[in-house]
Participant: 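Submitted below is the structure of interest, expressed as structure tokens.
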There are 2 protein chains.
Amino acid sequence: MKNAMTESSAAEFLQRYDAAHYEKPSFTVDLVIFTVRNEQLHVLLVKRAEHPFKGGWALPGGFLDPRRDDSVDACAVRKLVEETGVSAPYLEQLKTYGSRDRDPRGWIATTVYFALMVSDAVRLGGNQAAACWAPVRGDGVAFSLAFDHTPILADAVERLRSKLEYTHIAVHLLPEEFTLPELQRTYEIILQQPLDKSSFRRRVMQADMLEELTGRQRDGSGRPAQLYRFREYDRLTFFPRSISRHAR
Amino acid sequence: MKNAMTESSAAEFLQRYDAAHYEKPSFTVDLVIFTVRNEQLHVLLVKRAEHPFKGGWALPGGFLDPRRDDSVDACAVRKLVEETGVSAPYLEQLKTYGSRDRDPRGWIATTVYFALMVSDAVRLGGNQAAACWAPVRGDGVAFSLAFDHTPILADAVERLRSKLEYTHIAVHLLPEEFTLPELQRTYEIILQQPLDKSSFRRRVMQADMLEELTGRQRDGSGRPAQLYRFREYDRLTFFPRSISRHAR
DNA sequence: CCTTTTAGTTGCTTTTTGCAACTAAAAGGC
DNA sequence: GCCTTTTAGTTGCAAAAAGCAACTAAAAGG
């Protein structure tokens, strides 16, 4: 685009670049994978097979490999598949944490993603490591985690609750077909407060995001519930107003 | 904490770690610095002094230096001061972008922060490089930017608008003392739509975040306006409902 | 066929918002 | 001085939205 001289000096610069490169921090990607089972929010943890924190529980993740991973997002997807066998749930970048002290191996930055999935869909331990679903109480799990994973998990839980207030993401915690009472229960479990049935239904129906599966119902111990499917799995839609504030 | 054998094997592991380390991507921190001046949202851009994209406009930023920077956040603060001379405005992490292609020098990840500041407070060009405030129209600036900075800027603008909908962050674009019409104007400029005066004031006053500076007023061409100060500069508070949706 | 259980609706009250008209306090022209 | 213009700030009411509770609906089980 520019003249020949600029082009050649750019080429020279790039050639010399390797020699002059900055000292680099290490770079990892970690995952906070949420699911709801047994009426409780759970997070996926793995037992560390190596030092540091060998034998301790941690968020799944690991080093980004510039040869295999085309991008940070691709690395997150790769680790998600390795860990759960699931390829396309809801996956969103949370935040990047990096400092000199957070890992005894040195200056390491980690980009953390959070994922939502249906617990049945997951096949644990594909990565050879011991893994478990740990119930989330308050803003974390009952036991301590490796590295700075406890505050990271707390951030993820806060983000999840906050996004639940004004978006539809909870549908990603349910199978493709679900009922309105199931969806409401999911919100209640994560927000930790009961919601009014009629207000909840009004809100969801007005958002016009659900498609009624005509004639399909789910049986239970009472009247069968109508099944629905989420209309646009990719687009994230917003409620004009937060969902709790005035719970019942 | 564990037994001696575990301790010694951990020490050994850490000693051997350097040899076995992964190939690392390079790591930079970039800034999207917003201000409002002349009734328009502006973003700070710098002219690149070196290849690649030498002479082109880009978001300010650069390589993280593990020897100087204790953390990614600290690196962002350092670059903010280098670029603007301002140390403590509103600074929030936006997102991390990283891939093989986004920079001709190779696999580089960048963590992008976005900052809000009062335009008068800024002293440009402390970093020797040419810098300018570029007006934001729609979701970006009128000319093309280096690297993938155009979509990054679009993400930042979207995040700014979205946060304005349900938080108080606009106060950080104004000097410490400001009037309600000034605050409303700031919202209108960024959201690109007129807001109803009475609804706006009700909303802000109910949030109870402003402190009236009794007896202090700002003169203009009409009735003088009451001056206020934001009460809690650190805490971010939420409106229970988004601000636009039904504009006037 | 009566009770229990859960789903789903309806109607009314309360709260919140949108809107427009109103008052208030200054400046400037005449 | 007073009238017009300009911008700040308030008030009152209609419309919309949400909370709440009582209602109907559809199944299962004894």
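Fair warning: this is a prediction, and the values are worked out from it, not measured in the lab.
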Participant: Round to a whole Å and report the spacing from CE of B:M205 to P of D:dG9.
Facilitator: 9 Å

Participant: Roughly, in whole Å, what's the span from CG in A:L183 to C1' in C:dG8?
Facilitator: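 One finds 15 Å between C1' of C:dG8 and CG of A:L183, rounded.
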
Participant: Classify B:S198 by what it touches in the nucleic acid, base, sugar-phosphate, or nothing, heavy-atom distance under 4.0 Å.
Facilitator: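 Base, at least one base atom sits under 4.0 Å.
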
Participant: Partner of D:dA18 by Watson-Crick or G-U wobble geometry, both contacts under 3.5 Å, or none?
Facilitator: C:dT13

Participant: Once you round it to whole Å, what is the distance between P of C:dG18 and CD of B:Q184?
Facilitator: 12 Å

Participant: So does A:R223 reach the base of C:dA7 with its side chain, donor to acceptor, closer than 3.5 Å?
Facilitator: yes

Participant: Between A:R201 (CZ) and D:dC20 (P), how many Å, whole number?
Facilitator: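 Distance, rounded to whole Å: 18 Å.
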
Participant: Would you kindly give the CZ-to-C1' distance between B:F200 and D:dT10, to the nearest whole Å?
Facilitator: 16 Å

Participant: Would you call the rings of A:H168 and A:F230 parallel, tilted or perpendicular if under 30° counts as parallel and over 60° as perpendicular?
Facilitator: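 Rings of A:H168 and A:F230: tilted, as their planes differ by 30° to 60°.
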
Participant: If you assign each of A:Q206 and B:A225 to its closest nucleotide in DNA chain D, which residue comes earlier from the 5' end?
Facilitator: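 Counting from the 5' end, the first nearest nucleotide belongs to B:A225.
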
Participant: Now, which nucleotide makes the Watson-Crick or G-U wobble pair with D:dA26, with each of the two distances under 3.5 Å?
Facilitator: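 Result: C:dT5.
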
Participant: State plainly whether the residues A:R159 and A:E92 are in salt-bridge range, i.e. N to O under 4.0 Å.
Facilitator: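 Salt bridge present between A:R159 and A:E92.
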
Participant: Round to the nearest Å and state the distance from A:D196 atom CG to C:dT13 atom C1'.
Facilitator: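 Distance, rounded to whole Å: 13 Å.
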
Participant: Going by an N to O cut-off under 4.0 Å, is there a salt bridge joining B:R161 and B:E165?
Facilitator: no

Participant: Can you work out whether A:S221 or A:R202 has the more 5'-proximal nearest nucleotide on DNA chain C?
Facilitator: A:S221

Participant: Does the salt bridge (charged side-chain N to carboxylate O under 4.0 Å, His left out) test come out yes or no for B:R78 and B:E82, once each step is laid out?
Facilitator: CA-CA 6 Å; B:R78 172 171 70 83; B:E82 283 173 7; 2.9 Å; yes

Participant: Please work out which of the three classes, parallel, tilted or perpendicular, describes the rings of A:Y166 and A:F238, given edges at 30° and 60°.
Facilitator: parallel

Participant: Between D:dT7 atom P and B:F178 atom CZ, what is the distance in whole Å?
Facilitator: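 It works out to 21 Å between those atoms.
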
Participant: Does the base of D:dC20 carry an N or O that pairs as donor and acceptor with the side chain of A:S199 under 3.5 Å?
Facilitator: no

Participant: Would you mind reading off the distance between B:K197 atom NZ and D:dT7 atom C1', rounded to a whole angstrom?
Facilitator: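 In whole Å, D:dT7 C1' lies 8 Å from B:K197 NZ.
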
